[in-house]
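What follows is a set of notes on a single structure, which appears directly below.
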Amino acid sequence: MTGRVDGNLWRGSSAVRVEAPPLTANADADLVIIGGGFTGNAAALEAARRGASVIVLEAESVGHGGSGRNVGLVNAGLWLPPRDVVAQMGQEAGLKLVGLLADAPRLVWSLIEREKIDCDATPNGTLHLAHSAAGLRNLEERHRQGVELGAPVQLFDARETARRTGSRAFHGSLFDPRAGTIQPLSYARGLACAVIRAGARLHEQTAVSRVERVGDHWQVMANGHKVRARSLLLATNAYFNGIEIAVRPQFVAVNYCQFATAPMPKPLRAEILSGGEGCWDTALVMSSFRTDREGRMILGGIGDAGGRGAAVHAGWARRKLRQVYPQLAGLPFEYSWHGRIAMTSDHIPKIVRLGPSAYACFGYSGRGIGPGTVFGTRVAASLLDGCENGLPVAPVDNHRERLAAMRAAYYESGAVLVHASTGGYA
């Protein structure tokens, strides 16, 4: 493992490198994409493989935003249960989205295999952990809905959950064998390398300042240069910032922090999440648990590890680790980092029309890997084909989030209060 980079384990452990120099001259393309994360790179790869000329503009480096700060869970579906999605969207649209995202892990695994991406792909499933009796009842209902729709999910009791996790803290779990874990930054970088191999141009350190419609083309200003393109995709998700554009994506920015321990001793690696499953729990202020290839325990929770509540979140992580995994109580944390999640009020991702042949995709509500890959791939196809039928959700001309800044502050304050008062489960 290389040295730490800004506290982010994924930056310290990724072996994938991208060569993408800044934009230094005017350019033309069929499709210009703003944002070099899961969505932008998946879209660029699809478009380039279809023969389109593509330019990707990334303000920082590939995966700098949420894609490189992700937990790394390749989940099937959304955070909402299927019937809640249908209730929000209607029967036909809801079942269409549920079906596409149920198949999202298969798309991710197939891209990793086809493009030979070195991202520690572990398709061994995920465990949704019941933190309480009420949480178990929630999982029982999710299991019922999943089975009703043909999902191969399994409900485990507390004993089987303890065997798989190495912790007695949980009342049961819902296992999804379609899902799994990856090194998320390596996946984002691997997609970017595939994009370049497919013939697209990718430019890092290229911040976009203005986007406008000029005649029958889109004109994007970046690094003092113009990129003209027939089609446009804004794929910045929660990291939209400082771009002058007529329609701006609206969402509630929620912070999520993670803490990674030193590698576990070999006997404990054989005891704790030995199957490599990724986990998250049913608590209102959610926590996540997973390991990496070197046997670190990676603990995550809502909160900004770089903000005013940083010390509170760090203290919570130590208590949570001790209470869920007392056998790891003495293991030091070596890395800590945080990122932003783009949340929508209904927890349904959005596709907003920016104008002719132009979209913005955002609002995965913490499920960036599968939905980002699906949305990017399908939006690229739609922009090239001029047909919206294959889009995961119907595009809208605008999407508004009321009191977004106030609600973001509310989520952070709530996380600080919960993390200050508790670390484990009653």
Side-chain angles (χ1 to χ4, degrees), residues 1-18 37-38 61-63 66-75 105-106 108-127 129 163-167 175-194 256-280 287-300 317 321 324-325 327-328 330-339 368-370 373:
M1 186 198 79
T2 59
R4 306 178 195 179
V5 181
D6 297 330
N8 186 336
L9 169 64
W10 305 136
R11 289 189 175 273
S13 64
S14 178
V16 183
R17 296 293 178 262
V18 181
F38 302 137
S61 58
V62 167
S67 296
R69 304 162 192 263
N70 197 283
V71 176
L73 303 187
V74 183
N75 287 304
R106 185 197 60 79
V108 173
W109 305 135
S110 67
L111 286 176
I112 291 170
E113 181 178 8
R114 188 188 76 195
E115 303 299 339
K116 297 179 173 54
I117 300 175
D118 179 13
C119 62
D120 304 334
T122 308
N124 292 352
T126 54
L127 292 163
L129 305 170
R163 186 187 73 81
R164 288 177 176 251
T165 62
S167 172
F175 175 66
D176 192 332
R178 300 168 295 184
T181 64
I182 57 175
Q183 211 279 25
L185 180 58
S186 291
Y187 176 58
R189 287 176 172 176
L191 286 176
C193 291
Y256 197 85
C257 54
Q258 296 183 74
F259 303 84
T261 69
M264 294 182 286
K266 284 187 178 180
L268 291 180
R269 291 180 69 172
E271 172 187 332
I272 295 173
L273 291 175
S274 59
E277 303 95 337
C279 309
W280 75 103
S287 303
S288 59
F289 309 88
R290 62 159 295 187
T291 58
D292 72 351
R293 66 180 173 186
E294 295 188 356
R296 292 180 175 82
M297 170 57 64
I298 305 166
L299 167 64
L321 184 69
V324 176
Y325 288 108
Q327 60 271 56
L328 300 181
L331 204 60
F333 285 118
E334 288 190 341
Y335 294 86
S336 68
W337 69 99
H338 64 279
I369 297 173
T373 304

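Side chain of Thr181 to backbone of Gly278: no donor-acceptor contact under 3.5 angstrom is found. Between the side chain of Arg290 and the main chain of Ile182, a donor-acceptor pair closer than 3.5 Å is present. Panel note: side chain Arg296, backbone Ala260; no donor-acceptor pair is recorded below 3.5 Å. A donor-acceptor pair under 3.5 Å links the side-chain atoms of Thr261 to the main chain of Met297, judged by distance alone. Judged by distance alone, the side chain of Ser67 and the main-chain N or O of Phe38 form a donor-acceptor pair under 3.5 Å. When atom types are taken as modelled, the side chain of Glu115 and the backbone of Leu191 share no donor-acceptor pair closer than 3.5 angstrom. A donor-acceptor contact shorter than 3.5 Å links the side chain of Arg69 to the backbone of His338. Using modelled atom types, no side-chain atom of Asp118 and backbone atom of Ala15 make a donor-acceptor pair closer than 3.5 Å.
For the residue pair Ser13 and Gln183, a side-chain donor N or O sits within less than 3.5 Å of a side-chain acceptor on the partner.
Residues Val71 and Trp280 are not in side-chain contact: their nearest non-hydrogen atoms beyond the backbone lie 4.5 Å or more apart. Side chains of Val108 and Tyr187 form a contact here, defined as non-hydrogen atoms less than 4.5 Å apart. At a threshold of 4.5 Å between non-hydrogen side-chain atoms, the residues Pro263 and Glu334 count as touching. Side chains of Thr126 and Glu277 form no contact here, defined as non-hydrogen atoms less than 4.5 Å apart. Inter-residue side-chain proximity for Asp120 and Asp292 is flagged as unmet; no heavy-atom pair is nearer than 4.5 Å. Proximity of Thr122 to Arg293: side-chain heavy atoms (C-beta onward) are nowhere separated by under 4.5 Å.
Here the options are Cys119, Pro184, Ser186, the test is side-chain contact (heavy atoms from CB on, under 4.5 Å), and the partner is Ser14; only Ser186 passes. For the side-chain contact (heavy atoms from CB on, under 4.5 Å) criterion with Phe289, the lone passing option out of Ile272, Leu129, Ile298 is Leu129. Just one of Arg163, Gln327, Lys266 meets the side-chain hydrogen bond (donor to acceptor under 3.5 Å, both in side chains) condition when paired with Glu271; it is Gln327.
The two atoms that bring Val18 and Cys193 nearest to each other are CG2-SG, 4.0 Å, heavy atoms only. Across every non-hydrogen atom of Leu273 and Cys279, the tightest pair is CD2-SG, 3.5 Å. The two residues Ser287 and Tyr256 have their closest heavy-atom pair at C-OH, 3.8 Å. When all heavy atoms are compared, the tightest approach of Gly7 to Tyr335 is O-CB, 3.3 Å. Closest approach of Leu299 and Leu321 over heavy atoms only: CD2-N, 4.0 Å.
Relative ring orientation between Trp337 and Trp10 is described as perpendicular, the plane-to-plane angle rising above 60° on a 0-90° scale split at 30° and 60°.
Remark: Tyr325 pairs with no residue by the side chain to side chain donor-acceptor pair (under 3.5 Å) rule, at least two apart or across chains.
A cation-pi contact, defined as under 6.0 Å to the ring centre and within 45° of the axis, links Arg164 to Phe175.
Atom CG of Asn70 is separated from atom CD1 of Ile369 by 4.0 Å, given to the nearest 0.5 angstrom.
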